Amino acid sequence: MLEYCVCPKCERMIMLDSDFDSGFCCYCGTHILYSEAREELLDGLRASIPDEFAIEADLSELIDEDDAADNSYGLDECKKMHAKAQEYLGKWDFGNAFKMFSEALDWYPNYFESRCGLLTAGVLRLKDTENWERYLSECIDRIRSQSDWNMAQAALEYTLDIMKKFLSKGGRYVSPSYTVGFFEKAARSFPALKQNIAEILAHCLNIENAPFTDAARLDHETTQFAVGNCPTEPDKNMRRGMLVVIRCHCDSNVKESLCRALYVYDRTVWLKSRDAARINDALELCDEITNGEYPSADVKMVLNTMYDFLMMGGLEPNTTEHEKIVFLSSVYTFEQIRKMGRFFGGFVFFNKLYAEIYLKQRGASLISAEYKRIQAKIAQLSG
């Protein structure tokens with residue numbers, strides 16, 4: 001049964017179902033206990049008039065009379081627009097569905113079914129990828145009960161299924177940089193859907209940012225199916241998307257393949273151009289993966305991949321160690337190499353590179369304490 005309450009945060013009057021222990025404020029989205037919100041209302045009443053029972057009954061009658069007019073205004077028109085939108089949605093006409101859902105919400109902004117429909121149509125009409133996160137946020141902010149939550153999850157699940165069908169036909173959503181916030185929020189808010197979310201995001205990251213993979217070569221033949229907005233320059237900050245895939249995807253082979261596709265295969269381009277943004281992105285990925293929230297297998301996978309990227313391991317068998325050190329010592333700053341020490345300090349090659357870059361610093365010498373410490377570390381690891 002719905003009862004009048006007051007949100008403890010925004011102090012607005014709301015209605016919560018007394019059959020549930022908690023709910024959400026429809027104005028500010030705060031998760032609140034029913035007992036606290038109800039007591040907040042009653043406390044306000046007691047402060048003004050002592051007879052709480054008479055007041056509660058009288059106030060309920062007054063609110064019902066007022067809201068009978070306010071809450072019904074536009075509802076019939078909203079439902080008519082909603083029905084039209086559902087017809088368009090059934091025909092996969094997502095553009096017109098979005099238009100009808102928008103008009104329905106103009107008539108009655110609190111009609112949650114239309115809010116879920118707007119999320120679905122807004123994502124699937126394939127125009128404004130930068131607004132996906134906003135559609136999802138507006139939907140989540142209005143969730144008030146478990147039934148609302150299930151409705152939103154069903155809408156998102158339908159959306160993800162259509163996206164996967166679109167991608168399986170050779171299509172792609174360009175620029176995960178615009179949509180990663182949407183995928184982050186969706187995975188965090190709807191854990192049951194995180195595998196589907198991870199699969200779609202992994203595909204988009206691979207297509208857009210790994211030009212030497214089979215997926216990207218295939219995409220070259222199907223670019224007419226690309227939708228959404230594309231930045232003028234390649235995305236150099238892929239850490240957020242990669243972390244979502246690592247956290248949500250259940251296949252460790254897929255996670256490792258994607259990580260190597262994004263960071264290792266085209267590393268020569270980034271290292272030769274001394275691209276600090278891409279290098280710092282890799283270091284930030286190392287920072288976040290080692291914060292204690294990820295399984296040891298994922299930590300090991302990422303650090304091994306980043307070592308191959310940053311230290312040129314694995315793919316240059318014809319390049320000597322000395323040649324690598326000479327090249328890399330011209331790429332990294334002392335601050336960058338010192339930060340890498342936290343992750344790669346147990347490798348002999350890294351410490352040799354560290355010594356070379358250290359000697360380029362002002363005041364450094366072969367007899368300094370820091371240089372002697374580095375040499376001792378090399379000797380220890382070599383022994």
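Computed from a predicted structure; not experimentally measured. Heads up: numbering here begins at 1 and tracks the sequence.
- In this structure a side-chain-to-backbone donor-acceptor pair under 3.5 Å is missing from Asp275 to Leu271.
- Contact annotation: the side chain of Ser329 approaches that of Leu353 to within less than 4.5 Å [non-hydrogen atoms, C-beta and beyond].
- Atom NE2 in His249 sits 12.0 Å away from atom NZ in Lys194 (nearest 0.5 Å).
- Note on ring orientation: taking the six-membered ring where Trp is involved, the planes of Phe183 and Trp132 are perpendicular (angle over 60°, cut-offs 30° and 60°).
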>> Thr290 vs Arg342, test: side-chain hydrogen bond (donor to acceptor under 3.5 Å, both in side chains). Steps then yes/no.
In response: CA-CA 10 Å; Thr290 54; Arg342 176 186 164 197; 3.1 Å; yes
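- Under the 3.5 Å distance criterion, the side-chain polar atoms of Asn351 are left unmatched by any main-chain donor or acceptor of Ile374.
- If you check the side chains of Glu284 and Asn237, you find no donor sitting under 3.5 Å from an acceptor.
- Taking a 6.0 Å sphere around NZ of Lys80, one finds it holds 12 or fewer heavy atoms contributed by other residues, nucleotides or ligands.
- At distances below 3.5 Å, not a single donor-acceptor pair connects side-chain atoms of Lys255 with backbone N or O atoms of Val245.
- Under the 4.5 Å side-chain contact rule for hydrophobic residues, Tyr294 and Val254 do not share a cluster.
- No continuous path of ILVMFWY side-chain contacts below 4.5 Å connects Phe24 to Leu33, so the two sit in separate hydrophobic clusters.
- One finds the OG1 atom of Thr159 at 9.5 Å from the CG atom of Leu136 (value rounded to the nearest 0.5 Å).
- Side-chain contact between Leu156 and Leu160: present, with at least one pair of heavy atoms (C-beta onward) separated by less than 4.5 Å.
- Here Tyr88 contributes atom OH and Phe98 contributes atom CZ; the two are 15.0 Å apart, rounded to the nearest 0.5 Å.
- In this structure, the side chain of Glu323 engages the main chain of Thr320 through a donor-acceptor pair within 3.5 Å.
- Nearest heavy atom pair, residue Ala355 against residue Gln375, reads CB-NE2, 3.9 Å.
- A distance-only check finds a donor-acceptor pair linking the side chain of Arg274 to the backbone of Ser330 [under 3.5 Å].
- Taken to the nearest 0.5 Å, the NZ atom of Lys185 stands 13.0 Å off from the CZ atom of Arg134.
- Atom CD1 of Ile162 and atom OH of Tyr158 lie 4.0 Å apart (nearest 0.5 Å).
- Under a 3.5 Å cut-off, the side chain of Thr120 and the backbone N or O of Ala155 do form a donor-acceptor pair.
- Within the 4.5 Å cutoff, the side chain of Phe101 has no heavy atoms near those of the Phe94 side chain.
- Using a cutoff of 4.0 Å between basic side-chain nitrogens and carboxylate oxygens, Arg260 and Glu256 are scored as salt-bridged.
- Using modelled atom types, no side-chain atom of Arg188 and backbone atom of Ala186 make a donor-acceptor pair closer than 3.5 Å.
- Ring to ring, Phe190 and Trp149 are close: their centroids are under 6.0 angstrom apart.
- At a threshold of 4.0 Å, the pair Arg142-Glu138 does not count as salt-bridged, since none of the basic side-chain nitrogens sits closer than that to a carboxylate oxygen.
- Considering all non-hydrogen atoms of both residues, Ile279 and Tyr332 come closest at CD1-CE2, 3.8 Å.
- Judged by distance alone, with hydrogens and angles left aside, the side-chain atoms of Asp281 form no donor-acceptor pair with the main-chain N or O of Ala277 at under 3.5 Å.
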>> Pair Val123, Thr179 - check side chain to side chain contact (heavy atoms under 4.5 Å, CB included), show working.
In response: CA-CA 10 Å; Val123 173; Thr179 59; over 6 Å; no
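- Between the side chain of Lys84 and the backbone N or O of Ala97, no donor-acceptor pair lies under 3.5 Å.
- Note on Leu303 and Ile337: same hydrophobic cluster, where clusters join Ile, Leu, Val, Met, Phe, Trp and Tyr whose side-chain heavy atoms are under 4.5 Å apart, directly or indirectly.
- Using a 4.5 Å cut-off on side-chain heavy atoms (C-beta onward), Val326 and His322 make contact.
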>> Could you walk me through whether Lys79 and Tyr108 satisfy the side chain to side chain contact (heavy atoms under 4.5 Å, CB included) test, starting with their C-alpha distance in whole Å, then the side-chain angles of each, then the deciding distance to 0.1 Å, before giving a yes or no?
In response: CA-CA 9 Å; Lys79 289 183 176 180; Tyr108 197 80; over 6 Å; no
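- Here the side chains of Tyr354 and Met340 are not in contact, with every heavy-atom distance at 4.5 Å or above.
- Arg247 and Asp298 are not joined by a salt bridge, as no carboxylate oxygen comes within less than 4.0 angstrom of a charged side-chain nitrogen.
- The two atoms that bring Lys324 and Met312 nearest to each other are NZ-O, 2.9 Å, heavy atoms only.
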>> Working note: Ser22 + Ile32, criterion side chain to side chain contact (heavy atoms under 4.5 Å, CB included); need CA distance, chi angles, decisive distance, verdict.
In response: CA-CA 6 Å; Ser22 63; Ile32 51 181; over 6 Å; no
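- Ion pair Lys352/Glu321 flagged as a salt bridge, since at least one NZ, NE, NH1 or NH2 atom sits closer than 4.0 Å to an Asp/Glu carboxylate oxygen.
- Cluster annotation: Met306 is connected to Phe349 through the hydrophobic network of ILVMFWY side chains, with a link wherever side-chain heavy atoms come within less than 4.5 Å.
- Minimum interatomic distance between Phe309 and Ala282 (heavy atoms only, all atoms of both residues): CE2-CB, 3.6 Å.
- Between Phe112 and Ile143, the closest side-chain pair of non-hydrogen atoms falls below 4.5 Å.
- Here the closest heavy-atom approach between residue Cys139 and residue Arg115 is recorded as CA-CG, 3.7 Å.
- Rounding to the nearest 0.5 Å gives a distance of 11.0 Å between CG of Asn150 and CD of Glu157.
- A side-chain donor-acceptor contact under 3.5 Å links Ser368 to the backbone of Ser365.
- Annotation for Arg144: atom CZ does not count as buried by contact number, only 12 or fewer foreign heavy atoms lying within 6.0 Å.
- Closest approach of Ile357 to Gln361, counting heavy atoms only: O-NE2, 3.2 Å.
- Taking the six-membered ring where tryptophan is involved, the planes of Tyr358 and Phe334 are tilted, since the angle between them lies from 30° to 60°.
- When side chains are defined from C-beta on, Lys99 counts as touching Glu103, because their heavy atoms get closer than 4.5 Å.
- Judged purely by distance below 3.5 Å, without hydrogens or angles, the side chains of Asn131 and Tyr178 never pair a donor atom with an acceptor atom.
- In the hydrophobic clustering of this structure, Leu283 groups with Met238; members are Ile, Leu, Val, Met, Phe, Trp, Tyr whose side-chain heavy atoms approach within less than 4.5 Å, directly or through other members.
- Contact check for Phe182 versus Thr129: no side-chain heavy atoms found under the 4.5 Å cut-off.
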>> What verdict does the side chain to side chain contact (heavy atoms under 4.5 Å, CB included) test give for Met242 and Cys259, after you've listed the backbone C-alpha separation in whole Å, the side-chain angles of each residue and the deciding distance to 0.1 Å?
In response: CA-CA 7 Å; Met242 190 67 237; Cys259 195; 4.0 Å; yes
